[in-house]
Structures are given as structure tokens and as C-alpha cells.
Amino acid sequence: MGEMEQLRKEADSLKDQITAARKAVQDSTLQEAAASITVVGRVQLKTRKTLRGHLAKIYAMHWSTDSKLCVSASQDGKLIVWDSITTNKVNAIPLKSSWVMTCAYAPSGNLVACGGLDNMCSIYNLKGKDGNVKVMRELAAHTGYLSCCRFLSDSEIITSSGDCTCVLWDIETGTQKTVFAGHQGDCMSLAVSPDFKFFISGACDFTAKLWDIREASCRQTFGGHESDINAIGFFPNGNAVITGSDDATCKLYDLRADQELITYQDSGIMCGVTSLAPSVSGRLLLAGYDDFNVNIWDALKAERVGVLAGHDNRVSCIGVSSDGMACCTGSWDSFLKIWN
Amino acid sequence: MSTTNNIAQARKLVEQLRIEAGIERIKVKTTVFCHVCVSKAAADLMSYCEQHARSDPLLVGVPTSENPFKDKKPCIIL
């Protein structure tokens, strides 16, 4: 037997082992376990604020940990830091490249980052001495577009790219600390675990991967989606992962059971999921779709319990603030809306 | 040439599958995820939701007086 043939056989055998191990713990389903609880009542959130100022499609937004400020990125070539309560623009940062696809707020509140078709992740210092916001670092090494970025701290950031890899960067030196390779398609989204030890990535190979940041390894791979995964997030307790895909569904995968527990789908929904965010208890899953709406799902019962309709174009990004007080949606209609 | 690439790729895949199947015991300093049965995993998710429901403003609603996003306009007597 040639080596290729041997390897193929071993790969198949290992895949069977993984499938068998997953089946072995399937003593129930989430549907069965949740049969005893009632669906949450209709959730009706109202637009409390509209953040106006961008002149083109908004592609990304991220809340600051203070639950008051947030940053948004638009292909009008600007990063805007907003005070979501007063709707004032705290900073309007002009970008070198207007083809921005992602932005992030550092947990400390000191830095923001963005990137896109320039294949770079640019870090901006909001708290510079002279009050001007300047580029602090340009992290360049990806050979594809920057789809997502998330800070671990003021000195480390993780990026995902159309070059099929994710990278952990040292912001100080501007160098790659770790390259996480394994996806067979563009990496579209990433999320960091609440304890900052792991991150998950969703890609155009229809899978989500769990990565151990310090061990630099992929621990688990989750399949099941029938198209690109565009959005990904952790369930608040860090033990489950939620994905949103072009196949019009969202899925919840439990990390410890190593398998999908439930799919959020409706025959009436035929368009892709662009973004998602769980509420702080995890009970509600807010997901943005290509049809301009956000559907609110009862995460345990997989039933739709609400809709946020207010945008005149695709909802491209969504985020729930850390204190859970509000949800922010960003759209191709150039507006951000705050709901609760 | 492409055969060596294919073999290298195949070797990488097998290596990765070994990790995921739990065969490759990497020196793990962080928490290892052990297989937990679905009923326990589901129960834990439900329990977390229940414990935090009361402090989930989007779920239970926010009284106007405590909602930082709602304008609290005082009534003006004309």
C-alpha cells in the first residue's frame, strides 16, 4: 500500500472514531432536555438610538467593555467611536484604506483595530498624549483580506483572514506569534472565549474550529453547515459555540459533548446569516440576516420569539453590550441602531 | 511534485484528526475538554440561562428609570 493510501485509510478511521465518540454520548437531545421549559414570551425591542454619520455601508461594529462606547467601520473609509447614550461621535478616524471589513475595541478601551481588503490589521491608539488618534501599528503578513479581529489585551490581537488562517499577533513588535492553519476555506469570523484561553473561527469550508491559543493547536472541528459560516460567537458560559451561515441557519455546538446540539432554522427564512450575538444569559440569540432583519431566537427552544425590523438594507453586524443592557445593529443602510 | 504536496497535506490531516480524536496527548496546560454526555451538556446550558435570566435586560425588560438609552423627558405643564 502506498503511503497516500495508508494515510487516507488512517484519516477515515480517525473520522469514524470521532463520530463514534460523539454518538456514544448522545443519551438525549437539547430538545428533549428543554421540553419541560416554556418558550420565552414575545421579545419586543425598540430602537432607542440611531447613530447617524457614516456615508456608506457599515461592515462591522464592536462594543467597548464599558457598555457605553462602541466603534463602527464603514466603507466610507472611517472608524467612528460613538457614545451610544448621547449619540455623540467621540472619534472619527480616517482610514488609509476604505475597504474595511472588521473593527474591534480593546478590553481596556485604549485601542481600536480594523482591517479589510488591505490584508492588514491597523491598530489605533485612542489615548495618545496629544489627543490625536494615530495608527500605532500596522500588522501585515496575511495574504488575504482581514475578515475579523479581536483583542486579547493591549499587547495581543487575533485576526482571521481570507488566506484561510488566523494569527495571534504581538502588537508591540508587530510580529506574528502564532499562525493557526487548518481551515480549507476563507476564515470569516472569530470569537474569543470568556476566559481568553481559546478562540473559535468560522470559515468558508463550512466548519467552525476551536483553537487553544497558548498550545497553538486546533482542538475540535465542527461541521454540519451546508455553506459558508459568516458569524460565530461563544455562549456566555464558554461551553458552547454558536455559528451563523449562508445556509440560512444558526447552529449551537457544545464543546464538551463535541457536537451540534440544535439548529435555528425556519422554512420562512431563506437568506444567509450575517452576524449574531447572544444575550447575557444566553437565553436569547440575536441574528442578523441578508433580508434586512434581525431574528431573535429562544436559544434553548430554537423558536423565533422576536424580530428587529428597522434597517433599510442588510444587517451586517450586531453586538450585545457587556452589561446586556442593549443590542447594537449596523447596516449597509449606513446607520447603527441601539435597541432594548 | 504535486504528489509530495498531497502526502504532506494528508499527513497534516491525519495529525490533526489524531488530536481531535484524543489520541495525540499534547502537553496541555489549559483545561482539557472531556466528553460530557448531551443530557449533562444541555442541563448545564439550561441551568446557566436560568441562573442569569433575571440579570438579562433584553430578556426581562428594563424599567424606564433604569434604562440609560431611554430619554427621561420631564413633563412640561403648559
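Here the structure is a predicted model, which is why all the values come from computation and not from measurement. Just so it is clear: chains get the letters A, B, ... in the order the sequence lines come, proteins before strands, and each one is counted from 1.
Residues Leu7(A) and Ile7(B) are in side-chain contact: their nearest non-hydrogen atoms beyond the backbone lie under 4.5 Å apart. Using a 4.5 Å heavy-atom cutoff, the side chains of Asp254(A) and Val38(B) are not in contact. With contacts defined as side-chain heavy-atom distances shorter than 4.5 Å, the pair Pro57(B)/Val280(A) qualifies. Residues Arg256(A) and Asp44(B) are in side-chain contact: their nearest non-hydrogen atoms beyond the backbone lie under 4.5 Å apart.
Both the backbone and the side chain of Ala21(A) come within contact range of chain B, judged by heavy atoms closer than 4.5 Å. Only the side chain of Leu45(A) comes within contact range of chain B, with at least one heavy atom under 4.5 Å from a heavy atom of that chain. With a 4.5 angstrom heavy-atom cutoff, Leu252(A) touches chain B only via side-chain atoms. Of the two parts of Thr87(A), neither the backbone nor the side chain holds a non-hydrogen atom closer than 4.5 Å to a non-hydrogen atom of chain B. Using a 4.5 Å cut-off between heavy atoms, Ala41(B) touches chain A through backbone and side chain atoms alike. When heavy atoms are compared at a cutoff of 4.5 Å, Thr86(A) does not approach chain B at all. Neither the backbone nor the side chain of Ile262(A) comes within contact range of chain B, judged by heavy atoms closer than 4.5 Å. For chain B, the nearby parts of Ile85(A) are the backbone and the side chain; heavy atoms of each come within less than 4.5 Å. For chain B, no part of Lys23(A) is nearby; none of its heavy atoms comes within less than 4.5 Å.
Taken from OG in Ser28(A) to NZ in Lys40(B), the straight-line distance is 13.5 Å, to the nearest 0.5 Å. For the atom pair Gln16(B) CD and Thr221(A) OG1, the distance stands at 5.5 Å (nearest 0.5 Å). Note: Leu17(B) CG to Asp12(A) CG = 9.0 Å, rounded to the nearest 0.5 Å. Here CG of Leu255(A) is found 11.0 Å from NE2 of His35(B). Values are rounded to the nearest 0.5 Å. For the atom pair CG of Leu14(A) and CD of Glu20(B), the computed distance is 10.0 Å after rounding to the nearest 0.5 Å. A distance of 5.5 Å separates NZ of Lys15(A) from CG of Leu13(B), quoted to the nearest 0.5 Å.
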Without placing hydrogens or testing angles, list every side-chain donor-acceptor pair under 3.5 Å for residues 59-70 of chain B, not counting sequence neighbours.
{"unit_1": "Asn67(B)", "atom_1": "OD1", "unit_2": "Asn340(A)", "atom_2": "ND2", "d": "2.8"}
{"unit_1": "Asn67(B)", "atom_1": "OD1", "unit_2": "Phe69(B)", "atom_2": "N", "d": "3.0"}
{"unit_1": "Asn67(B)", "atom_1": "ND2", "unit_2": "Asn340(A)", "atom_2": "OD1", "d": "2.9"}

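Heavy-atom neighbours of chain B within the stretch residues 300-307 of chain A, taken at a separation under 4.5 angstrom, comprise Leu300(A).
Most heavy-atom pairs under 4.5 Å with chain B, from the set Asp27(A), Leu286(A), Leu30(A): that is Asp27(A). Top candidate by heavy-atom pairs under 4.5 Å with chain A, chosen from His52(B), Met46(B), Lys12(B), is Met46(B). If you tally non-hydrogen atom pairs under 4.5 Å between each of Ala34(A), Cys218(A), Ala11(A) and chain B, the highest count goes to Cys218(A). Contacts with chain A were tallied for Ala42(B), Ala10(B), Cys37(B); Cys37(B) has the most, counting heavy-atom pairs under 4.5 Å. Contact count against chain B (heavy-atom pairs under 4.5 Å) is highest for Ser84(A) among Ser84(A), Ala181(A), Ala24(A).
A donor-acceptor pair is defined here as one N or O able to donate and one able to accept, closer than 3.5 Å; such a pair exists between the side chain of Asp56(B) and the backbone of Ser281(A).
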Test log, rule side-chain contact (heavy atoms from CB on, under 4.5 Å), inputs Val43(A) and Leu58(B): CA-CA 8 Å; Val43(A) 175; Leu58(B) 295 181; 5.8 Å; no
Candidate pair Leu45(B) and Leu261(A), rule side-chain contact (heavy atoms from CB on, under 4.5 Å), full reasoning: CA-CA 11 Å; Leu45(B) 289 176; Leu261(A) 291 194; 3.8 Å; yes
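Annotation for Lys177(A): atom NZ counts as buried by contact number, over 12 foreign heavy atoms lying within 6.0 Å. Counting heavy-atom neighbours within 6.0 Å of Glu32(A) CD, excluding the residue itself, gives a total above 12.
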